[in-house]
Each structure stands twice: as structure tokens, then as C-alpha cells.
Q: 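Attaching a single structure in C-alpha cells format; questions to follow.
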Amino acid sequence: MDKLIIRGNGTLNGEIPISGAKNAALPLMIASLLSAEPLTLENMPRLADVEALKSILSNHGVDYRVMGKKAGDTATTGRRIEFQAAEIVDTHAPYDLVRKMRASFWVIGPLLARAGEARVSLPGGCAIGTRPIDLFIESLQALGAEIEIDAGYVNATAPSGGLKGGHYKFPKVSVGATHVMLMAASLADGTTIIENAAREPEVTDLAECLNAMGAKISGLGTTTLTIEGVTSLHGATHRVLPDRIETGTFAACVAMTGGDVLLKNARANLLQEALDVLAQTGTEIESGNEGIRIRRNGGDILPIDFSTDPFPGFPTDLQAQFMALVTRANGVSHVTETIFENRFMHVQELARLGANISISGQTATVTGVERLSGAPVMATDLRASMSLVIAGLVADGETEVNRVYHLDRGFELLEDKLSAVGADIHRVSTEG
Ligand code: EPZ
């Protein structure tokens with residue numbers, strides 16, 4: 001198992017290229033199940049989750065081909081990968097595959113829409129909360145699907161003649177269930193209206209890709225999506241949008257260490273709320289055509305209060321990283337998590353590095369300390385792991401982050417990107 005060794009060593013300066021978004025890439029790959037023709041995705045990040053989903057999709061009949069490099073491509077240029085499901089060869093997604101990645105449950109939508117049936121294992125519990133599937137079931141039932149849960153599997157069947165257009169108002173915003181309903185409704189007979197849809201940029205990215213494949217979705221970027229079903233979708237080429245969570249994470253790194261870094265290709269409108277919160281810490285943020293420039297030269301990190309919310313609110317996937325930043329603030333910050341009920345697992349690990357954090361219900365109170373000190377810590381989930389790296393960048397001595405496989409799921413070339421701007425970070429492979 002690999003671990004990361006980090007030594008706090010001053011400011012970060014230079015440029016970090018931002019990769020294609022993991023949480024857009026995954027549903028886009030799944031959308032390839034909807035058409036017999038090839039879907040080419042550009043700007044694909046090199047991540048363990050992308051690799052895992054490739055093998056899960058191949059089980060259903062998706063062939064993939066990594067396309068050749070273009071002139072000017074570098075090690076961090078996203079890849080172009082073509083996905084094609086000429087035929088759906090299996091509508092069964094077994095436990096062994098689905099338990100590895102929750103997003104693989106989302107194949108239920110396209111399988112049901114294109115093949116009329118799906119048998120998908122219930123996704124496992126996850127470190128950040130219970131993560132139920134009631135909204136997936138209700139929204140697919142609104143399209144006429146019959147669903148039963150049996151022996152750990154969700155068995156879904158479309159009515160004869162296929163899914164029907166329907167109307168569903170989500171009682172709670174769900175990114176994954178919105179993705180699934182969008183994909184399923186694209187091939188349904190008639191019009192579907194989704195109310196209280198997730199507005200996350202990754203949902204809009206998926207809708208844009210589906211429209212490029214011939215779907216008829218309107219209301220993109222709003223809470224009401226209208227889908228006129230079509231009988232088939234065709235091939236398309238789509239570019240994955242830049243990763244707003246990677247952007248916010250590196251922005252928090254620079255705010256923590258001080259320095260001056262251009263986050264290349266980043267787009268401010270994908271994370272405006274998080275940037276506004278970051279500005280309140282005393283960090284300078286300048287957004288331009290090339291990306292977002294983050295600067296902090298001397299001066300204290302100012303305390304902040306923020307609460308996670310569905311887009312356009314503050315993203316839950318940046319909560320841990322911003323909490324790490326304010327462990328060194330000059331004062332008391334309050335961080336409230338409203339999306340997942342158990343997303344404070346990083347708190348006890350940050351405490352090992354000397355952070356002063358107490359939790360009451362959904363809110364963590366973070367009292368800034370003058371120094372953090374390096375220690376061995378354990379990554380608990382993908383984003384929580386990054387909070388430990390951020391703290392390690394300014395801690396005295398050596399921080400050892402164990403269970404780095406969490407980070408490899410969602411951060412492309414992490415050590416390379418951080419060392420290129422001056423961080424002292426490297427990976428060590430250990431046995432076992
Ligand atoms: C997506 O997860 C992301 N994953 C998560 O990122 C992200 O934290 C989350 O959206 C919220 O933004 C991917 O895109 C692959 P939800 P998802 O359904 O779709 C509840 C990361 O680190 N809910 O929007 O699974 C659920 O329990 C990951 O990259 C139900 O109650 O999240 C949660 O409280 C972690 N019933 C809330 O909705 C359901 O049927 C929002 O979850 C479905 C969800």
C-alpha cells in the first residue's frame with residue numbers, strides 16, 4: 001500500500017493544470033450505454049475510478065479505445081477515449097463490481113432505457129453516510145419501471161414498449177438520481193419533467209453530452225429539466241469540463257502555504273461560492289481566460305463560517321479541504337455539513353496534526369492554531385485525504401498520509417502537480 005510523505009516547506013509558486021472532472025467523466029462514460037454508436041470523451045483524467053468503471057462497463061458490452069496523442073499534448077493533457085456499446089451483452093451488474101464504486105449503480109438508468117431491464121446490486125454503504133437509493137427507485141418508477149429489491153439486488157423492468165415519459169419532483173436534491181433519470185428519460189416514450197433536479201455543473205455537462213447524442217433536454221442549469229424522449233441516440237464527441245473540486249482543493253493548498261499559483265484551465269463559474277468563501281480568508285483570487293490565479297503573501301488566514309449545500313452552494317466535496325485551511329486561521333471558524341451525515345471523519349486525523357476542532361451535530365468549530373506538527377495519519381475517504389495533505393504542507397516536520405488509494409481515485413498526478421509548484425511531497429510504496 002502506498003503512502004505520501006510531506007514536509008512543510010514554504011510557499012507554492014507556478015502553474016498547476018486542472019484536469020477533467022472525475023464526477024463528470026463517470027456519468028459520461030455510463031451514457032455510452034445509451035447508444036450503439038461511439039461516444040468519444042475528451043479531456044479524460046487518468047484516475048483509478050475511471051479505470052475501474054471502464055472494466056465495469058465492459059461487462060455490459062462497452063468497448064473502449066484510448067485515442068492517440070495530439071501534437072502539443074503533455075503528461076497532464078487529458079486523454080481522448082472512445083466508448084462504444086454496439087450491443088448490451090449483459091444487464092446484470094454484480095455485487096463484486098458495484099461495491100467498488102457507488103457510481104456504477106447508475107448503469108441502472110441506461111440499461112433499463114435501452115435493454116428494458118436491469119439487475120443491479122445495491123451499492124455498499126460508504127464512509128461518508130448511509131447513502132440510500134430511494135430517490136433512484138421513485139424516479140424510475142415515475143417513468144413506468146417496475147422495481148423490486150431481492151437478495152441484495154435491484155431488479156428493474158420497463159413496461160412493454162419501453163419506459164414512458166413521466167413527472168417527478170425530487171424531495172431532496174440528488175446528483176446521482178438526476179443523472180440516472182436524465183439518461184433513462186432520454187430514451188423514454190413521451191415527455192418527462194424533472195423538478196428539483198440537481199444543478200451541479202456535472203449534471204449540465206451530462207445533459208449537454210446527451211443533447212449532442214441526439215437527446216432533447218431543455219432547462220439545462222436550472223432545477224426543472226424537460227426531456228422529450230427520442231427512439232435512439234447517436235455517436236458524439238464531448239469534452240469533459242474542468243474539475244471544480246480539484247480546482248478548489250489546489251486553491252486551498254495555496255491559501256494555506258501562501259504563494260502565487262495559476263490554476264490553468266480552471267473556471268470560476270463552476271465554484272463561485274467556494275471562491276467567495278476563500279476570498280474571506282484573505283486570499284486573492286483573480287479569474288481570467290487562462291484559469292484562476294490564487295495568491296496569498298504573508299498576512300493571517302482569516303476565520304470563516306460556511307455551510308455545504310447543493311450547487312450553486314458550497315460543495316460538500318470541498319468541506320474537508322477548507323476545514324484544513326482554517327485550522328491555521330487567526331480565530332474561530334464554523335463549518336456546517338448538510339449533505340452527508342457522517343462527513344467529519346477527517347477531524348480526528350487533523351487533530352493528530354495539532355488541529356483544534358470540536359463537533360456538535362452538523363457543525364464543526366475550528367479554533368485556529370499557530371502551528372501544526374507532522375504525524376502519521378490515515379486517509380478515510382477521497383476528499384478527506386486531501387485535507388491531510390493540505391495540513392501537511394505547512395506542518396512542522398514530516399506528515400505521512402496512509403491509504404493513498406483513496407486519493408488515487410480522484411486526484412490526477414497529485415504529487416507531480418504539487419511538487420512542480422514547490423511542495424516537498426513524495427510517494428513511498430510499502431508492502432501489504
Ligand atoms: C455525488 O454523489 C458525487 N459523486 C459526490 O462526490 C458528491 O459528494 C455528491 O454528489 C454531492 O455533491 C459522484 O458524482 C460520483 P447525492 P451522489 O445523490 O450522487 C441522499 C466524491 O468525493 N440521497 O447528490 O451519490 C444522499 O444520502 C463524491 O467525489 C438519498 O437520500 O450524491 C445524500 O445525503 C463523494 N436517496 C444526498 O442525497 C437517494 O436515493 C445527496 O447525495 C440518493 C441520495
Side-chain angles (χ1 to χ4, degrees), residues 19-31 45 47-50 52-53 56 98 100-109 120 122-142 147 149 154 168 170-183 194 196-206 223 240-241 243-249 270-271 273-274 307-321 337-343 345-346 362 379-387 405-412:
S19 301
K22 167 184 86 85
N23 287 350
L26 301 179
L28 290 166
M29 290 168 69
I30 291 172
L47 296 172
D49 270 10
V50 167
L53 187 58
I56 289 168
V98 180
K100 291 187 189 144
M101 194 197 316
R102 182 176 165 90
S104 62
F105 179 78
W106 300 347
V107 299
I108 193 168
V120 182
L122 288 166
C126 171
I128 60 178
T130 51
R131 304 182 85 183
I133 56 153
D134 52 329
L135 303 177
F136 292 87
I137 294 178
E138 286 176 15
S139 55
L140 290 173
Q141 281 170 335
I147 297 187
I149 296 179
V154 181
Y168 186 68
F170 279 97
K172 178 176 188 176
V173 177
S174 165
V175 174
T178 304
H179 283 319
V180 166
M181 195 170 181
L182 262 182
M183 290 191 272
I194 309 180
N196 200 23
R199 281 185 284 168
E200 268 63 7
E202 295 77 18
V203 171
T204 305
D205 206 38
L206 173 66
T223 53
V240 179
L241 90 176
D243 197 317
R244 64 194 167 105
I245 305 304
E246 190 195 27
T247 304
T249 300
L270 302 178
L271 72 161
E273 176 63 22
S307 171
T308 62
D309 258 318
F311 191 82
F314 188 99
T316 173
D317 289 348
L318 284 175
Q319 180 253 105
Q321 299 90 314
E337 172 61 52
T338 71
I339 310 287
F340 292 108
E341 71 268 29
N342 188 20
R343 210 171 191 181
M345 309 248 300
H346 41 284
Q362 293 179 295
T380 50
D381 75 61
L382 166 57
R383 311 302 177 184
S385 319
M386 263 320 291
S387 71
Y405 57 84
H406 286 296
L407 280 169
D408 294 335
R409 290 186 43 212
F411 288 95
E412 182 178 51

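For ligands, and for the atoms within them, numbers begin at 1 and follow the listed sequence. One is the number of the first residue; the rest follow in order along the sequence.
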Q: Enumerate the atoms of ligand 1 whose separation from the nearest heavy atom of T316 is less than 4.0 angstrom.
A: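 With T316 as reference, the close atoms of ligand 1 come out as 8 (O), 11 (C), 12 (O).
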Q: Enumerate the atoms of ligand 1 whose separation from the nearest heavy atom of G176 is less than 4.0 angstrom.
A: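 Near G176, the atoms of ligand 1 are 18 (O), 19 (O).
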Q: Could you tell me which atoms of ligand 1, counted from 1 in the order shown, lie closer than 4.0 angstrom to a heavy atom of F136?
A: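 This gives 40 (O), 43 (C) as the contact atoms.
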Q: Please indicate whether any nitrogen or oxygen in D317 is less than 3.5 Å from any nitrogen or oxygen in ligand 1.
A: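 In this structure, D317 places an N or O atom under 3.5 Å from an N or O of ligand 1.
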Q: Are side-chain N/O atoms of T338 and Q362 paired as donor and acceptor at under 3.5 Å?
A: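 Looking only at side-chain atoms, Q362 and T338 do not form any donor-acceptor pair under 3.5 Å.
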Q: If you measure from atom 43 (C) of ligand 1 to every heavy atom of A177, S104, P132, which option wins on shortest distance?
A: P132
Q: So, is I339 polar-close to ligand 1, with some N/O to N/O distance under 3.5 Å?
A: yes
Q: In ligand 1, which numbered atoms sit nearer than 4.0 Å to a non-hydrogen atom of L382?
A: 22 (O), 29 (O)
Q: If I apply the N/O under 3.5 Å rule, does W106 come out as touching ligand 1?
A: no
Q: Look only at interatomic distance and state if A103 has a nitrogen or oxygen under 3.5 Å from any nitrogen or oxygen of ligand 1.
A: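 For ligand 1, there is no N or O atom that lies under 3.5 Å from one belonging to A103.
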Q: Please could you name the atoms of ligand 1 that K22 approaches to less than 4.0 Å, counting only its heavy atoms?
A: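 Once the distances to K22 are compared, the set is 21 (C), 29 (O).
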Q: Does the side chain of H346 come under 3.5 Å of the side chain of Q319 through a donor N or O and an acceptor N or O?
A: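 Side chains of H346 and Q319: pair found under 3.5 Å.
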Q: Quick check: S174 and ligand 1, any N/O pair under 3.5 Å apart?
A: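 Between S174 and ligand 1 (N or O atoms, distance only) the closest approach is under 3.5 Å.
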Q: Could you tell me which atoms of ligand 1, counted from 1 in the order shown, lie closer than 4.0 angstrom to a heavy atom of R343?
A: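 Near R343, meaning under 4.0 Å from one of its heavy atoms, ligand 1 has 8 (O), 22 (O), 35 (C).
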